[in-house]
Amino acid sequence: MTTIAPDIETLVNRSDYLACARAGRQGTKGMMVQARKRDDDGPMRVGFTCSKKVGNAVARNRAKRRLREVARLVLPAHGRPGWDYVLIGRQGATAERPFEELQGDLIYALKKLHGPDA
RNA sequence: GCGGAGGGCCGGAUGGCCGCGUGGGGGCGACCCCGCGAGGAAAGUCCGGACUCCACAAGGCAACGGUGCCGGGUAACGCCCGGGCAGGGAAACCUGACGGAAAGCGCCACAGAGAAGAAACCGCCUUCGUUUCGACGGGGGUAAGGGUGAAACGGUGGGGUAAGAGCCCACCGGGGGGCUGGCAACAGCGCCCGCAUGGCAAGCCCCACCGGGAGCAAUGCCGAAUAGGGAUCGUGCGCCGGUUUGAUCUUUCGGGAUAUCACGGCAGGGGCGCCUUGGCCCGAACGAUCCGGGUUGGCAGCUGGAGCCCGCGGGCAACUGCGGGCGCAGAGGAAUGGUCAUCCAGAGGGGGCGACCCCUUGGACAGAAUCCGGCUUACAGGCCCUCCGCGCGU
RNA sequence: UGGGGUGUAGCCAAGUGGUAAGGCAGCGGUUUUUGGUACCGUGUAUCGUAGGUUCGAAUCCUACCACCCCAG
């Protein structure tokens, strides 16, 4: 699997994705973010996904690559260990939105998901 | 120059910074350095193979599926090349499931008289009878005309006839057989036959040829855990030899025995529809059905292949022989991304007589998943070659 | 990645060469004070798309499109 950054693992199992979907989500213009706080002291984990609605294989892979790049730049500073994050691509926007705004989207979503105690 | 036809190719480029996958090297290590890193369709999964498993091979029969003018190319093909025939186009050229309908069966709705060894509805001709002299009815002849239909049993013209008819003649069409050319499909040229014998085979079918099934999520190895499975049914535990230094038993030591084992042979059982032959497995097992438990790891398969490029030779060509050179993605929920700059095409706007300059915008279809050969489908824009027609100039 | 299947009216669907059944839903009536029920009538189909075979195609053939299912 592709390495995002040191100390960040990638989600592989379907069950982990489903658990995140149940826990909490925050939508933005560029992406949908789901996050879950696990009850252990493991590392930060992150996963990427796109539905077929996004487009053909080229469009889906492109969306996932941009999300991966955003995660690489943002998560080490704004993410927290012991949490799982799932970034979901959106039709059109994930591929077309200016990159800096995409980063802003993720920072905003993380702030919302971590809660007011942060 | 304009319009058209065919074929081939490209499919943004370069560099910086931050990242990703992989191979190699260095370092105790954090890490560092170097190399490589999507396509012409990687796509659809429509054909053909390689490879692996079902243990396998050969032949025949049957079934099922596919292909379908001829010849060649190829590992193979439903692909490609060349040729023939038919259709289209003024031409270059394009298109074609293009074997068989007197082997057989089936179907041809509606309309129509009649739809496949024909058929008199209206007509036409002739004859008999009746007659109100308009015609009506019966018998016979007739497929030229009308009408129906997608299709009506050769066509046109002339002769002929009571009216007609290949009844006769000319031309066209058709069938049969011959000669010549060609490997062949087929073509050309005489001869004979007046010639009833539709259409559909992408209906069944016949003929020729080809084909066993499943698929890299195939398959093999290592490791962990658990189970070291259970139930029911079916078949079946057979025969002969077993040499006497194979084993065992027995003995009067000459030998004897086969209940038993090894071994050998024959039967039996097992697998793909069947059969034959070879061959394999089983023999306390095999097969079938059902129930239950487990599977998230690692490695191999995994990229060097019917490979690509160049030269010479053979061939009209597809393609191929020889020689030389190259090393060209290998992930495993899946690597090629982000950003900036300059240039290259494209679009829009402004300035200038113009070459050109400035600003903005913006990059087709699409992402390897075991690997090859094809087909099909998608594709912004651009480049090159050959050919046809028209126009102009010389 | 590989294998298999299905597309007919708004929905469920029958139809295997000759002008596409049926039911639900809809619409308009009758009955009812009204609604429901019941009864009568009625509309709606590029048969997934494009070619081809045939006189004629939902049906036969070819290519394409969409959707669904199964394999570790």
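On a predicted model such as this, the values are computed, not experimentally measured, just so you know. Labels below follow one simple rule: chain letters A, B, ... track the order of the sequence lines, proteins then strands, and each chain is numbered from 1.
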Taking only the C1' atom of each, what is the distance from B/C359 to B/G330 in whole angstrom?
47 Å
Taking B/C357 as the reference, what is the distance to B/C372 when you measure between their P atoms (whole Å, please)?
47 Å
Restricting to nitrogen or oxygen on both sides, can you table the protein-nucleotides 16-19 of chain B pairs closer than 3.5 Å?
residue, atom, partner, partner atom, Å
B/G19, O4', A/Arg72, NH1, 3.4
B/G19, O2', A/Arg72, NE, 3.1

B/G190 glycosidic conformation (syn if within 90° of 0, otherwise anti) is syn
In whole Å, what is the span from the CZ atom of A/Phe48 to the C1' atom of B/G338?
13 Å
Work out how far the P atom of B/C207 is from that of B/G199, and round it to whole angstrom.
23 Å
Apply the syn/anti split at 90° from 0 to B/A355 and say which one it is.
anti
Roughly how many Å apart are B/A364 and B/A378, using the C1' atom of each and rounding to a whole number?
10 Å
Taking the side chain as everything from C-beta on, heavy atoms only, tell me whether A/Arg97 gets closer than 4.5 Å to A/Lys29.
yes
For B/G40, decide between syn and anti, treating a glycosidic angle within 90° of 0 as syn.
syn
Quick one: side chain to side chain donor-acceptor pair (under 3.5 Å) pairs with a partner in residues 64-77 of chain A, sequence neighbours left out?
A/Glu69-A/Arg72
Just how far, in rounded Å, is P of C/A66 from CG of A/Asn56?
11 Å
Under the rule syn = chi within 90° of 0, otherwise anti, which is C/U54?
syn
Atom pair distance, as rounded to whole Å: CZ in A/Arg45 and C1' in B/G333
14 Å
List for me each residue that meets side chain to side chain contact (heavy atoms under 4.5 Å, CB included) alongside A/Leu110, sequence neighbours excluded, and say none if there are none.
A/Val74, A/Leu75, A/His78, A/Tyr85, A/Leu106, A/His114
What does B/G323 pair with, Watson-Crick or G-U, if both distances are under 3.5 Å?
B/C310
Classify the glycosidic conformation of B/G349 as syn or anti, calling it syn when the angle lies within 90° of 0.
anti
Using the C1' atoms only, state how far B/G301 lies from B/A218, rounded to an integer number of Å.
10 Å
Quickly work out the A/Phe99 CZ to B/G338 C1' distance and round it to whole Å.
5 Å
Between A/Leu67 (CG) and B/A334 (P), how many Å, whole number?
13 Å
Length of the line joining A/Arg60:CZ and B/G337:C1', which is rounded to integer Å:
18 Å
If the C1' atom of B/A103 is compared with that of B/G6, how far apart are they to the nearest Å?
47 Å
Those residues at least two apart in sequence (or on a different chain) that pass side chain to side chain contact (heavy atoms under 4.5 Å, CB included) with A/Thr28 are A/Met31, A/Asp105, A/Tyr108, A/Ala109
Would you kindly give the CZ-to-P distance between A/Arg62 and B/A335, to the nearest whole Å?
14 Å
Of all residues at least two apart in sequence or in a different chain, which pass the salt bridge (Lys or Arg N to Asp or Glu O under 4.0 Å) check with A/Arg90?
none
Rounded to whole angstrom units, what separation is found between the CG atom of A/Asn61 and the P atom of B/G338?
12 Å
Distance below 4.0 Å between A/Arg66 side-chain N/O and B/U339 OP1 or OP2:
yes
Could you measure between the two C1' atoms, the one in B/C237 and the one in B/A62, and give it in whole Å?
37 Å
Given side chains that start at C-beta, do those of A/Val86 and A/Val46 come closer than 4.5 Å, heavy atoms only?
no
Nearest nucleotide by nearest heavy atom, which residue falls closer to the 5' end of RNA chain B, A/Thr49 or A/Gln103?
A/Thr49
A/Arg25 side chain near A/Met32 side chain, heavy-atom distance below 4.5 Å
yes
I'd like the P distance from B/C81 over to C/U49, given in whole Å.
35 Å
Hydrophobic cluster membership, with links at side-chain heavy-atom distances under 4.5 Å among I/L/V/M/F/W/Y: are A/Ile88 and A/Val58 in one?
no
